[in-house]
Amino acid sequence: MKTVLGIETTCDETAAAVVSVDPEGAPTIRSNEVLSQIAEHAAYGGVVPEIAARAHVEVLDLLVARALERAGTRLSDLDGIAVAAGPGLIGGVLVGLVTAKTLALVAHKPLMAVNHLEAHALTARLTDGLEFPYLLLLASGGHTQLIAVRGVGDYVRLGGTIDDAIGEAFDKAAKLLGLGYPGGPEVERMAERGDPERFALPRPMLGRRTADFSLSGLKTALRIEAERIAPLAERDVADLCASFQAAVVDVVIDRARVAMRAFSGVAGRPTALVAAGGVAANGAIRRALAALAGEAGLAFVAPPLNLCGDNGAMIAWAGLERLRLGLVDDITAPARPRWPLAVEPAPVSAA
């Protein structure tokens, strides 16, 4: 059995986890400690990088100790230390990376500097034992991509956003409508009570031959409708949220269909359609993607809700995947505010 400690500090969650894998390859999450900074950032309506970095410094040592204790293991018993080395807010990334390097040096353990996006991409293998290759919708507050996942370290970008990420669009919609932070869950909550057909919002990029997204126009259309009927009653807000979410769902499904057609040209037939990242927690998007997968004769896989957002378990698992392949890093591994997962986008055709 191999066991790895995972550390995550790329944005506004401080996280540490211990994950083991047995000789047959079956994983076990032995601990998964996550401390959110929502309260610290709520007053600003978004993440303040300096506040986030300072908060990581204050609690990371405690979280690592707690993760080890709850896993019933010691630093000396580990087979490696994995850490999210980017992409993310550079201050926070440095906090986690310096901590992981120090632990690896002191304990004489291998270091795995993990791409945060790769950790999301591989979570389906942690939770469902999924085989390669699979089609991934990776969607969060900072990223929206459709990716052919062909293996560890082997990713082809089939499409992505040319402006706002899906999670970012949800957060901005929430702020526009006077809802709380983080915005995604608030918009979803209000949408459940609203009429998705009241407002005829646009579906940007619908029908395009490439699998790219554009959400800035949808956000602008939402603002125009809100200003047109202001002041907003609670019913208006619910209907605007429902209409906005329905438009996003339609765009996601259309873009995923294009990516499914392009997938065979770069990776054959997918084993599944996978959603990962914070936006994968959205129930409407999950249900629509599950239906699309069913139409295509594919399994649909999404992590449990506690593994959709940033967490240490996904970092530890990605570290284990890399460790088993001998992909380890030395003490010079850099912190990377930008770190593309799929370096070479593939040409995409709907034909």
Side-chain angles (χ1 to χ4, degrees), residues 1-22 25-40 52-86 88-89 91-120 122-123 125-127 276-278 303-324 328-329 331 333 335:
M1 183 169 71
K2 289 192 177 297
T3 302
V4 164
L5 169 70
I7 295 173
E8 160 63 40
T9 57
T10 59
C11 192
D12 60 339
E13 277 94 16
T14 313
V18 176
V19 176
S20 296
V21 62
D22 65 22
T28 300
I29 299 174
R30 297 172 58 183
S31 65
N32 189 29
E33 301 297 315
V34 181
L35 185 62
S36 174
Q37 299 175 9
I38 289 175
E40 286 86 343
R54 289 177 181 273
H56 292 313
V57 170
E58 291 172 359
V59 302
L60 182 56
D61 289 351
L62 173 64
L63 244 57
V64 168
R66 187 188 299 170
L68 291 171
E69 179 182 0
R70 292 189 173 175
T73 192
R74 299 170 298 178
L75 188 62
S76 59
D77 298 327
L78 298 174
D79 294 288
I81 313 284
V83 59
L89 302 175
V93 173
L94 281 167
V95 172
L97 187 58
V98 170
T99 300
K101 287 180 177 181
T102 302
L103 293 174
L105 280 171
V106 168
H108 305 288
K109 301 296 181 182
L111 174 73
M112 286 74 71
V114 170
N115 185 317
H116 172 91
L117 302 180
E118 180 170 47
H120 277 303
L122 296 175
T123 298
R125 289 172 52 77
L126 167 64
T127 59
L305 298 186
N306 68 316
L307 295 180
C308 287
D310 297 346
N311 63 87
M314 71 178 191
I315 304 299
W317 173 250
L320 275 164
E321 292 260 43
R322 298 183 69 80
L323 181 63
R324 290 188 292 178
V328 299
D329 298 278
I331 205 65

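Starting from 1, each residue takes its place in the sequence as its number.
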Trainee: State the CD-CZ distance between Glu33 and Arg66, to the nearest 0.5 angstrom.
Mentor: 5.5 Å
Trainee: Calculate, to the nearest 0.5 Å, the distance between atoms CG and CD1 belonging to Asn306 and Ile29 respectively.
Mentor: 7.0 Å
Trainee: Name all residues meeting the side chain to side chain donor-acceptor pair (under 3.5 Å) criterion together with Ser20; count only those two or more places apart in sequence or in a different chain, and write none if there are none.
Mentor: Thr3, Arg30
Trainee: Provide the closest heavy-atom pair for Ala84 versus Val93 in the form atom of the first, atom of the second, distance.
Mentor: O-CG1, 4.0 Å
Trainee: Looking at every non-hydrogen atom in both residues, tell me the closest pair between Ser31 and Arg70 and how far apart they are.
Mentor: CB-CB, 4.1 Å
Trainee: Using the side-chain hydrogen bond (donor to acceptor under 3.5 Å, both in side chains) rule, pick out the option among Thr14, Thr10, Thr9 that qualifies with His56.
Mentor: Thr14
Trainee: Which heavy atom in Leu78 sits nearest to a heavy atom in Val4, and how many Å separate them?
Mentor: CD2-C, 4.4 Å
Trainee: List the steps and the verdict of side chain to side chain contact (heavy atoms under 4.5 Å, CB included) for Ile81 and Leu75.
Mentor: CA-CA 9 Å; Ile81 313 284; Leu75 188 62; 3.9 Å; yes
Trainee: Using a 3.5 Å cut-off and no angle test, enumerate the donor-acceptor pairs between side-chain atoms of residues 308-315 and protein atoms at least two apart in sequence or in another chain.
Mentor:
residue: Asp310; atom: OD1; partner: His116; partner atom: NE2; Å: 3.2
residue: Asp310; atom: OD1; partner: His120; partner atom: NE2; Å: 3.3
residue: Asn311; atom: OD1; partner: Ala313; partner atom: N; Å: 3.1
residue: Asn311; atom: OD1; partner: Met314; partner atom: N; Å: 2.8
residue: Asn311; atom: ND2; partner: Leu307; partner atom: O; Å: 3.4
residue: Asn311; atom: ND2; partner: Gly309; partner atom: O; Å: 2.8

Trainee: Under the salt bridge (charged side-chain N to carboxylate O under 4.0 Å, His left out) definition, can you give me all pairs with a residue in residues 95-110, not counting sequence neighbours?
Mentor: none
Trainee: Taking all heavy atoms of Ala53 and all of Gly91, pick out the closest pair and write down the distance.
Mentor: CB-C, 3.8 Å
Trainee: Over all heavy atoms of both residues, which pair between Val114 and Gly319 is shortest? Give the atoms and the distance, please.
Mentor: CG2-N, 3.9 Å
Trainee: Other residues, nucleotides and ligands only: do more than 12 of their heavy atoms fall within 6.0 Å of CZ on Arg54?
Mentor: no
Trainee: Mind listing the closest non-hydrogen atom pair of Ala16 and Ala67 along with its distance?
Mentor: O-CB, 3.7 Å
Trainee: Give the C-alpha distance, both sets of side-chain angles, the deciding distance and a yes or no for side chain to side chain contact (heavy atoms under 4.5 Å, CB included) between Val21 and Arg324.
Mentor: CA-CA 10 Å; Val21 62; Arg324 290 188 292 178; 3.8 Å; yes
Trainee: Quick one: pull up CG in Leu5 and CG in Asp79 and give me the separation to the nearest 0.5 Å.
Mentor: 12.0 Å
Trainee: Between the side chain of Trp317 and the main-chain N/O of Val19, is any donor-acceptor distance below 3.5 Å?
Mentor: no
